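Bear in mind that the values here come from a model prediction, so they are computed numbers and not experimental data.
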There are 2 protein chains.
Amino acid sequence: MIRCNPQLECPTNLLLALLSGPWTMPIVWSLFEEGPARFGALKRRITGISSRLLTERLRMLEAQGFVDRHEEKTIPPQVTYSATERLRRLCQALEALGAVADEWHANYLLQHT
Amino acid sequence: MIRCNPQLECPTNLLLALLSGPWTMPIVWSLFEEGPARFGALKRRITGISSRLLTERLRMLEAQGFVDRHEEKTIPPQVTYSATERLRRLCQALEALGAVADEWHANYLLQHT
DNA sequence: CCGCATCCAGCTAGATACTG
DNA sequence: CAGTATCTAGCTGGATGCGG
């Protein structure tokens, strides 16, 4: 049982809201599955994302403890992002959604927001 | 392992996108935890939602097979919404997120989108 | 290379009013 | 009761250009 009053903010609800932000899942999954990457490489992995949004999402994920940011103060600078242990556990939990998602996807009707 | 190229659309990603729509989770959880309800009652449960959005979200969830719509063609009309088996399985899968969400929530820093 | 500042267009959620 | 129609304001994301 999910112990959560829908009218109130609960951790699961908030977490879902966070993950639901634009480009958040693609970033999360890229870091989880394809491993750490520097800013530019990550931008190339996530086709279509703008610098602005990538920066913003990464900052948010970092603030929430899902992403590590490692900065080499060289010239030019090198900044590497990677998944934290917390993010790995999160992604493992998301696997539980896979079965339902697959079955749903087999016969869903498009148009989703 | 989540077998999903972040650059491509995969079922889990799409499902998350769907759930991420405004008011979607509150509606889903209300139907799952508090049971079936008629339109007006549901609107009262989900504090702050507008008729327009509630209708739209319910229509979408119905189209995707997560919600059942039962209409009594009386006067005045009575329409009852309830969770489908698929939605129940979805919510059970979401429970796996609970542990991570709780731990995260214990020390997250606000500001999420 | 890794961003940030700025500007702008488009969507969308809310408010409001109305109907079978 | 259970929606639908319309109008609008505000946010937000894309594009662009610049800077340490």
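Whole-Å rounding puts the A:Arg38 CZ to C:dC1 P distance at 7 Å. To the nearest angstrom, P of C:dC4 lies 14 Å from NZ of A:Lys43. As rounded to whole Å, 14 Å separates atom C1' of C:dT19 from atom CZ of B:Phe39. Rounded to an integer number of Å, the gap from A:Ile46 CD1 to C:dG3 C1' is 17 Å. Nucleotide C:dC2 holds its C1' atom 13 Å from the CD1 atom of A:Ile75, rounded to whole Å. At whole-Å resolution of the value, CG in B:Leu53 and P in C:dC11 are 17 Å apart. Here C:dG20 presents its C1' atom at 16 Å from CD of B:Gln78, a figure rounded to the nearest Å. Between the NE2 atom of B:His70 and the C1' atom of D:dC1 there is a distance of 15 Å, given to the nearest Å.
Relative to the side chain of A:Thr55, the nucleotides D:dA2, D:dG13, C:dG3 differ in distance, and C:dG3 lies closest. Set against D:dT4, C:dA13, C:dG3, the side chain of B:Ser51 has D:dT4 as its closest nucleotide.
The two residues A:Ala96 and B:Ala93 come nearest to each other via the heavy atoms O-CB, 3.4 Å. Shortest non-hydrogen contact noted between B:Gly21 and B:Arg57 is CA-NH1, 3.6 Å.
Scored by the side-chain hydrogen bond (donor to acceptor under 3.5 Å, both in side chains) test, A:Glu62 finds no partners at all (sequence neighbours excluded). Not counting sequence neighbours, A:Arg38 has no partner by the side-chain hydrogen bond (donor to acceptor under 3.5 Å, both in side chains) test. In terms of the side-chain hydrogen bond (donor to acceptor under 3.5 Å, both in side chains) criterion, B:Arg52 has no residue partners (sequence neighbours excluded).
Remark: A:Tyr81 is in phosphate contact with C:dG3, judged by side-chain N or O atoms under 4.0 Å from OP1 or OP2. Contact check, B:Arg59 against D:dA2: no side-chain N or O comes under 4.0 Å of OP1 or OP2. For the pair B:Trp23 and C:dT12, the criterion of a side-chain N or O lying under 4.0 Å from OP1 or OP2 is not met.
Distance alone, capped at 3.5 Å, places no donor-acceptor pair between the A:Arg89 side chain and the B:Val100 backbone.
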Atom pairs and distances, side-chain donor-acceptor, residues 72-82 of chain B, under 3.5 Å, sequence neighbours left out:
from: B:Glu72; atom 1: OE2; to: B:His70; atom 2: NE2; distance (Å): 2.9
from: B:Thr74; atom 1: OG1; to: B:Pro76; atom 2: O; distance (Å): 2.8
from: B:Tyr81; atom 1: OH; to: B:Arg69; atom 2: NE; distance (Å): 3.2

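At its two ends the helix from C:dC1-D:dG20 to C:dG20-D:dC1 runs along axes set 50° apart, each axis drawn from five pairs and the angle rounded to 10°.
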Annotated protein contacts, base or backbone, on nucleotides 15-20 of chain D with a non-hydrogen cut-off under 4.0 Å, one of B, S, - each: B----B
Quick one, B:Leu97 with A:Leu16, criterion side chain to side chain contact (heavy atoms under 4.5 Å, CB included). Give me CA distance, side-chain angles, the key distance, then yes/no. CA-CA 9 Å; B:Leu97 288 176; A:Leu16 251 11; 3.8 Å; yes
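In this structure, B:Leu54 and B:Ser50 have side chains that are not in contact, with every pair of non-hydrogen atoms separated by 4.5 Å or more.
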